[in-house]
Amino acid sequence: MLLLCAIALLCSMPVSLSAPLACEDLLRPLGQLDPRHLEGRWAMVAGSLSHPPFMERLRSRESATASFSSNTSETSISFRRSMRLDDECHYASYNISVEGSSFTFDNRSINTTFTHTSCRDCILLSFDVESGKRQHFYLFSRRRQLEQEEIEEFTAQVECLKMPPPAVMDPTKELCPDETASDPAARNEEKTKGQRS
Ligand SMILES: *[C@@H]1O[C@H](CO)[C@@H](O)[C@H](O)[C@H]1NC(C)=O
Ligand SMILES: *[C@@H]1O[C@H](CO)[C@@H](O)[C@H](O)[C@H]1NC(C)=O
Ligand SMILES: *[C@@H]1O[C@H](CO)[C@@H](O)[C@H](O)[C@H]1NC(C)=O
Ligand SMILES: *[C@@H]1O[C@H](CO)[C@@H](O)[C@H](O)[C@H]1NC(C)=O
């Protein structure tokens, strides 16, 4: 098992060859994922990405969520995202199928891998966009705010990836209301006006 993880790491991340062992350990992909653990809504607590110009956009996000639900089979899962920007909610939803600890979406242009985190009620998603052109690294939790040590672990993981210091989301900012899952208009890139408060 360990050997497989090590091989997967070496194959997928040649840059990590020169990195200290600690980074390999910090960035190991999750083994088998339990789809029941994924079910429901997660709030983004922190994130970073490899393309610095996009960091500004990430930092100006008020809030973001990821939701998973599966009703048909273990492998076919609905993946919905919301993002609040300038007090406006943006939604996107996809049908995904999780293979091992990865799934792809957006016409397979984004390959997402669940990465290990010691935070118990978190999921850590690493988005490989357009075959390595960019990497997005997002930590989601059932909580809106994490403990200092949990943010420190994430910061260390981000440093291993040589990405800019993470944006930590403001827990007081409202999340977007849950989209009605059956709404056919709720397709990709659908925009709805957020409630002003
Ligand atoms: C899941 O499927 C069952 C039966 O197939 C159905 O009764 C239930 O309403 C579905 N739940 C959701 C959330 O779609
Ligand atoms: C996902 O699959 C369901 C059922 O097959 C379908 O009704 C829905 O439109 C699909 N959603 C997307 C975003 O492709
Ligand atoms: C999906 O990707 C394939 C190959 O990468 C491309 O030919 C096709 O046009 C894409 N479809 C959409 C809807 O973008
Ligand atoms: C996605 O990335 C994982 C981890 O790097 C890899 O094992 C998997 O083959 C990739 N999937 C696709 C469809 O490229």
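Just so you know, ligand 1 is whichever comes first in the structure, and atom 1 is the first atom listed for that ligand. If you're wondering where the values come from, they're calculated on a predicted model, not measured in any experiment.
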[atom1]-[atom2] distance between [X] and [Y], expressed to the nearest 0.5 angstrom:
X      : Y      : atom1 : atom2 : answer
Tyr138 : Leu124 : OH    : CG    : 12.0 Å
Ser48  : Met163 : OG    : CE    : 5.5 Å
Phe79  : Ile96  : CZ    : CD1   : 6.5 Å

Could you tell me, atom by atom, which parts of ligand 4 come under 4.0 Å of a heavy atom of [X]?
X      : answer
Ser102 : 2 (O), 3 (C)
Thr113 : 2 (O), 3 (C), 4 (C)
Thr104 : 13 (C)
Asn111 : 1 (C), 2 (O), 3 (C), 8 (C), 10 (C), 11 (N), 12 (C), 14 (O)

Short N or O distance, Tyr94 and ligand 2, threshold 3.5 Å exclusive:
no
| said: If you take the centroid of each ring, where Trp contributes its six-membered ring, are Phe103 and Phe114 closer together than 6.0 Å? | reply: yes
Examine Phe127 together with Phe137 and report whether their ring centres are nearer than 6.0 Å. no
Margin query: Against ligand 4, does Arg108 come closer than 4.0 Å with any heavy atom?
Written below: yes
Taking only non-hydrogen atoms of Ser93 and a 4.0 Å limit, the atoms of ligand 2 in range are 13 (C)
* Residues Thr172, Asp170; criterion side chain to side chain donor-acceptor pair (under 3.5 Å); working and verdict -> CA-CA 6 Å; Thr172 65; Asp170 178 350; 2.7 Å; yes
